[in-house]
Protein chains: 2
Amino acid sequence: MELARQLRVVVGVGREVGRALPPETPPAIVGALMALGRYGEMRMSKLAEYLDIDISVTSRHVAHLAERGWIVRTADALDRRSRLLRLSARGEKVLAASSDRAAEVLAAHLSDWSDDDVDQLSGLLERMRLSFGDCRPRPYAADSADPGALAGAPHPPRTHAN
Amino acid sequence: MELARQLRVVVGVGREVGRALPPETPPAIVGALMALGRYGEMRMSKLAEYLDIDISVTSRHVAHLAERGWIVRTADALDRRSRLLRLSARGEKVLAASSDRAAEVLAAHLSDWSDDDVDQLSGLLERMRLSFGDCRPRPYAADSADPGALAGAPHPPRTHAN
DNA sequence: TATTGTTATACTCTATAACTATA
DNA sequence: TATAGTTATAGAGTATAACAATA
């Protein structure tokens with residue numbers, strides 16, 4: 001599976017794009033902004049799912065965003081344990097600036113790519129994301145000799161759209 | 001440029017594949033093994049270029065590989081400052097095991113992808129790598145007002161293939 | 001009792017700078 | 001003087017575990 005090696009390579013490309021970002025908006029922060037900008041208001045657990053990182057890490061990123069006034073947190077009427085997160089006006093501006101910078105770097109390196117090529121790659125990556133789905137670290141690393149662990153209802157019922 | 005956001009996504013997928021690797025072979029180490037397995041014997045600076053990381057980081061990874069006997073280092077007769085790196089027999093085995101594990105994870109998530117789809121994505125990623133070329137961190141972050149910095153012969157002459 | 005989110009801690013990975021040896 | 005590589009140090013990013021508040 002040659003794809004495995006290519007994936008390591010893409011991580012390198014991601015680093016390169018990240019290096020071009022200003023210090024105020026490191027890659028992980030921009031990733032959080034992008035997720036909120038693309039999918040709109042959501043709660044912490046959902047953001048962690050989009051970012052494919054543990055919720056504890058997400059919590060720190062969100063604190064970082066809130067300290068700078070880039071997001072607003074409103075109470076979730078249906079579950080007072082959590083709050084809903086969305087970009088503020090300032091957050092939108094920071095996101096736009098970061099996205100523009102990232103796009104510049106990509107455009108500079110991909111100058112000989114046609115729009116179709118870029119769209120094709122983008123589409124395949126989006127599809128790959130969907131194929132991977134929610135794949136954050138999980139407490140079980142069980143091999144096949146643990147029939148009960150995954151049975152039953154591993155996920156709690158969702159009481160409202162999020 | 002939607003592609004910028006997709007790139008963050010791929011980084012997440014890379015993490016997911018990395019999480020499946022055993023602790024003895026963390027993702028960065030597997031990346032080094034893969035580069036040596038794919039491109040064969042090379043010197044440190046060339047490996048750093050493939051991995052898109054600073055040579056100091058590469059030095060530590062290589063030390064890690066050497067301590068475990070996964071590579072052999074032979075003298076470079078044309079330049080005694082550097083040594084040539086290549087996989088040992090044990091290194092080949094470790095690489096094979098790691099690649100297999102990574103391939104398993106990918107296959108599990110991409111079970112509904114056709115071979116053509118995978119090849120297409122793999123090809124586009126390879127092309128993207130070539131488009132980015134050598135893009136490790138550089139000491140100059142100069143904007144356009146520095147005409148002399150990049151002129152002349154920025155790279156030393158290559159006295160032999162590496 | 002289970003779940004959401006927070007905090008403390010440790011580990012992986014990478015970059016910068018100072019240094020040695022060789023070209 | 002310049003380059004290849006090493007080591008020390010600092011920082012970003014993430015995972016694990018213990019915890020508080022709510023369901």
Side-chain angles (χ1 to χ4, degrees), chain A residues 8 11-12 14-16 18-19 21 23-32 42-49 51-64 66 73 75-85 136-141 152-160 162, chain B residues 8 11-12 14-16 18-19 21 23-32 42-49 51-64 66 73 75-85 136-141 152-160 162:
Chain A
R8 294 301 310 163
V11 170
R15 267 200 306 275
E16 169 70 1
R19 278 191 283 259
L21 294 172
E24 312 87 68
T25 53
I29 295 301
V30 173
M42 68 182 78
R43 44 200 291 187
M44 184 98 56
S45 52
K46 201 67 182 176
L47 179 58
E49 183 181 326
L51 298 176
D52 281 321
I53 53 180
D54 190 83
I55 195 172
S56 67
V57 179
T58 310
S59 179
R60 284 185 43 171
H61 290 333
V62 165
H64 182 101
R73 294 188 274 199
D76 183 343
L78 288 81
D79 188 342
R80 281 187 302 172
R81 289 174 302 184
S82 68
R83 286 183 285 183
L84 298 175
L85 317 171
R136 288 165 295 162
R138 296 165 187 288
Y140 49 83
H155 293 296
R158 294 291 171 81
T159 53
H160 67 105
N162 46 359
Chain B
R8 294 304 306 167
V11 171
R15 267 200 304 275
E16 170 69 3
R19 277 191 284 260
L21 296 171
E24 312 87 67
T25 53
I29 295 302
V30 173
M42 68 183 77
R43 45 200 290 184
M44 183 99 54
S45 53
K46 199 68 182 175
L47 179 58
E49 183 180 326
L51 299 176
D52 280 321
I53 54 179
D54 190 83
I55 195 170
S56 68
V57 179
T58 309
S59 179
R60 284 186 45 172
H61 291 332
V62 165
H64 182 102
R73 293 187 276 201
D76 183 344
L78 288 81
D79 187 343
R80 281 187 301 171
R81 289 174 303 182
S82 69
R83 287 184 285 182
L84 297 175
L85 317 171
R136 288 165 296 163
R138 296 166 186 286
Y140 49 82
H155 293 296
R158 295 292 170 79
T159 52
H160 68 103
N162 46 359

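- The residue B/Thr58 sits apart from the nucleic acid: no heavy atom pair falls under 4.0 Å.
- Separating the CE atom of B/Met42 from the P atom of D/dA4 is a distance of 16 Å, rounded to the nearest angstrom.
- With the nearest nucleotide of DNA chain D identified for both A/Ala77 and A/Pro26, A/Pro26 has the one nearer the 5' end.
- The side chain of A/Arg81 lies closest to D/dA21, out of C/dA15, D/dA21, D/dA15.
- The separation between A/Asp76 atom CG and D/dA21 atom P is 19 Å, rounded to whole Å.
- Atom pair A/Arg43:CZ and D/dA23:C1' shows a separation of 11 Å (rounding to whole Å applied).
- OP1 or OP2 of C/dA23 has at least one side-chain nitrogen or oxygen of B/Arg80 nearer than 4.0 Å.
- Residue B/Ser82 places none of its side-chain N or O atoms closer than 4.0 Å to OP1 or OP2 of D/dA4.
- Side-chain to base pairing of B/Ser56 with C/dT14: no donor and acceptor N or O lie closer than 3.5 Å to each other.
- Going from atom CG of A/Leu78 over to atom P of C/dT4 covers 14 Å, rounded to whole Å.
- Here B/Arg60 lies in heavy-atom contact (under 4.0 Å) with a base.
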Query - A/Ile29 vs A/His64, side-chain contact (heavy atoms from CB on, under 4.5 Å): CA-CA, chis, key distance, verdict - result: CA-CA 8 Å; A/Ile29 295 301; A/His64 182 101; 3.5 Å; yes
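- Side-chain N/O atoms of B/Arg15 include one lying less than 4.0 angstrom from OP1 or OP2 on D/dT14.
- The phosphate of D/dA15 has OP1 or OP2 within less than 4.0 Å of a side-chain N or O from B/Arg19.
- Residues A/Arg15 and B/Asp52 approach most closely at NH2-O, 3.4 Å, considering heavy atoms.
- The CG atom of B/Asp54 sits 16 Å away from the C1' atom of D/dA12 (whole-angstrom rounding).
- Here A/His61 reaches the OP1 or OP2 of D/dT14: one of its side-chain N or O atoms lies under 4.0 Å away.
- Here C/dT22 presents its P atom at 15 Å from CE of B/Met44, a figure rounded to the nearest Å.
- Taking atom CG of A/Leu47 as the reference point, atom P of C/dT6 lies 11 Å away to the nearest angstrom.
- Whole-Å rounding puts the B/Arg8 CZ to D/dA12 C1' distance at 11 Å.
- Set against C/dT7, C/dC13, D/dT6, the side chain of B/Ile55 has D/dT6 as its closest nucleotide.
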